[in-house]
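Here's the structure, in structure tokens; my notes come after.
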Amino acid sequence: DWLVFGSPLPGQAVTNAFSLSGFDIFAWNHPPTLARYLDAGPGTWMSQRADGFLHNLGGVLLVPGFPVPLVGLAGLLAVGWAAALRPLLVLSLLLFWITTLLFPVATTWGTFLHASAPVQVLLLVAAVGGLDAGLAWVGRKRGWTRPVAWLGPFFLGLGAVLFTVAGITAYGSNAAGTETRYADLLGRMDRAGLAVDGSHPIIANHPIWISETGRIPALALPDEGPADVADLAAAFGAELLVVDGDHASWPAVLADGGAGAACFEEVTLPAPAGTGADEFRVFRVSCP
């Protein structure tokens with residue numbers, strides 16, 4: 001952070017609390033402000049927090065690791081206040097509610113997801129403990145004489161194997177496919193005579209894939225007007241813009257012919273490998 005942004009402190013954290021859209025994270029000339037946030041009104045504030053709560057609970061905790069997190073939530077009723085788990089429970093509640101209430105928009109773009117490791121650990125431990133307590137209760141009710149302490153971890157282990165085989169394989173396949181698309185894109189750009197050697201950063205709506213695939217610097221495309229994006233390009237010496245599909249108002253905003261639209265000249269690339277549709281649009285960034 002210090003090398004890239006000039007400070008080791010998370011300076012954007014407060015600004016993220018005033019976001020009205022996830023695209024505000026990439027703002028250049030028009031970052032979120034308190035005045036704009038207050039103008040949105042209570043209805044927007046409540047809706048944001050409802051969306052953040054549902055995302056954090058369902059999209060981050062329950063769905064990706066189902067059914068283990070659901071079992072863990074039930075297990076918290078049985079073991080959640082055990083002395084050994086109490087610090088982890090307090091930390092998990094703080095992380096969940098701070099991201100939900102203070103960063104309701106940013107959290108739908110990954111804030112809680114990237115901070116949720118302690119919560120995931122809590123739910124996993126609670127799931128094992130809860131199943132163990134539940135099986136012990138059933139054993140007492142039915143008069144079992146042999147211990148079945150292995151049964152709870154076995155059920156969770158089976159769920160973990162299913163998640164690994166299905167989920168991780170799917171994630172890996174999807175990432176490999178995206179990397180292939182971007183490697184093909186960079187090759188097509190090179191054949192078209194465009195500079196993809198890292199001498200200039202490339203503005204993109206998925207900059208991480210440009211950077212990861214080509215090992216070149218990339219800038220995030222803000223949801224702002226052409227004049228603002230041209231200003232971003234001038235500030236960092238960027239000469240190319242890559243838009244993968246649609247990105248908020250881009251690239252449709254160029255068709256309006258507003259201020260700065262003339263700075264963007266679309267480049268025709270060689271046909272992509274394979275038979276799929278070409279979702280990339282590439283523009284040279286240069287103002288007359």
Side-chain angles (χ1 to χ4, degrees), residues 1 3-6 11-12 15-16 19-32 109-110 174-288:
D1 281 353
L3 289 174
V4 175
F5 300 114
Q12 192 181 354
T15 304
N16 286 346
S19 294
L20 295 179
S21 163
F23 294 105
D24 286 339
I25 296 172
F26 310 123
W28 172 245
N29 283 334
H30 305 285
W109 284 54
N174 181 63
T178 302
E179 185 176 20
T180 298
R181 289 177 58 238
Y182 273 83
D184 177 62
L185 167 70
L186 293 175
R188 293 160 58 204
M189 292 172 65
D190 184 60
R191 293 194 299 274
L194 303 177
V196 290
D197 56 2
S199 58
H200 298 278
I202 295 175
I203 301 174
N205 60 325
H206 292 294
I208 191 170
W209 280 110
I210 293 286
S211 184
E212 173 69 17
T213 305
R215 298 299 176 181
I216 55 180
L219 301 168
L221 172 64
D223 182 24
E224 298 178 358
D228 298 305
V229 177
D231 181 60
L232 172 68
F236 291 91
E239 298 179 347
L240 296 172
L241 165 65
V242 173
V243 185
D244 183 359
D246 293 322
H247 175 83
S249 60
W250 284 82
V253 68
L254 294 176
D256 297 336
C263 298
F264 298 85
E265 175 191 358
E266 188 161 7
V267 179
T268 301
L269 299 180
T275 58
D278 187 5
E279 297 182 358
F280 292 107
R281 294 183 66 179
V282 178
F283 302 86
R284 282 192 182 91
V285 187
S286 61
C287 286

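Atoms considered below: every heavy atom in the structure, side chains included; atoms not considered: hydrogens, waters and symmetry mates.
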Minimum heavy-atom distance between [X] and [Y], given as atom pair plus value:
X      : Y      : result
Pro207 : Ala218 : O-CB, 3.5 Å
Pro226 : Ala259 : CB-O, 3.6 Å
His200 : Gly237 : ND1-O, 2.9 Å
Leu232 : Ala220 : CD2-O, 3.8 Å

Candidate pair Leu240 and Met189, rule side-chain contact (heavy atoms from CB on, under 4.5 Å), full reasoning: CA-CA 10 Å; Leu240 296 172; Met189 292 172 65; 3.7 Å; yes
Val229 side chain near Pro222 side chain, heavy-atom distance below 4.5 Å: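 Yes, their side chains come closer than 4.5 Å.
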Tyr182 side chain reached by Glu212 side chain, heavy atoms, under 4.5 Å: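 The answer is no, as the side chains (C-beta and beyond) never meet within the 4.5 Å cut-off.
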side-chain contact (heavy atoms from CB on, under 4.5 Å) between Ile210 and Leu185, worked out: CA-CA 9 Å; Ile210 293 286; Leu185 167 70; 4.3 Å; yes
Nearest 0.5 Å, what's the [atom1]-[atom2] distance between [X] and [Y]?
X      : Y      : atom1 : atom2 : result
Asp24  : Asn16  : CG    : CG    : 8.5 Å
Ser21  : Phe26  : OG    : CZ    : 9.5 Å
Asp278 : Asp184 : CG    : CG    : 8.5 Å
Asp190 : Leu269 : CG    : CG    : 11.0 Å
Ile202 : Leu186 : CD1   : CG    : 6.0 Å

Sidechain-backbone polar pair: Ser211 side chain, Ile208 backbone, donor-acceptor under 3.5 Å: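 Between the backbone of Ile208 and the side chain of Ser211 there is no qualifying donor-acceptor contact (under 3.5 Å).
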Check: Leu221 main-chain N/O paired with Asn205 side-chain donor or acceptor under 3.5 Å: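 Flag not set: sc Asn205 to bb Leu221 has no pair under 3.5 Å.
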Contact list for residues 219-243, test salt bridge (charged side-chain N to carboxylate O under 4.0 Å, His left out), sequence neighbours left out: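 Qualifying pairs: none.
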Listed once per pair and sorted, the salt bridge (charged side-chain N to carboxylate O under 4.0 Å, His left out) pairs that draw on residues 254-267, sequence neighbours left out: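 Every pair satisfying salt bridge (charged side-chain N to carboxylate O under 4.0 Å, His left out) with a residue in residues 254-267: Glu266-Arg281.
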Under the side-chain contact (heavy atoms from CB on, under 4.5 Å) test, residues paired with Ala238 that sit two or more places apart: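 Result, side-chain contact (heavy atoms from CB on, under 4.5 Å) vs Ala238: Pro201, Ile203, Leu219, Ala233.
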Test side-chain contact (heavy atoms from CB on, under 4.5 Å) applied to Arg181 and Trp209, step by step: CA-CA 10 Å; Arg181 289 177 58 238; Trp209 280 110; over 6 Å; no
ring-ring contact (aromatic ring centres under 6.0 Å, His included) between Trp250 and Phe283, intermediate numbers included: CA-CA 12 Å; Trp250 284 82; Phe283 302 86; 7.3 Å; no
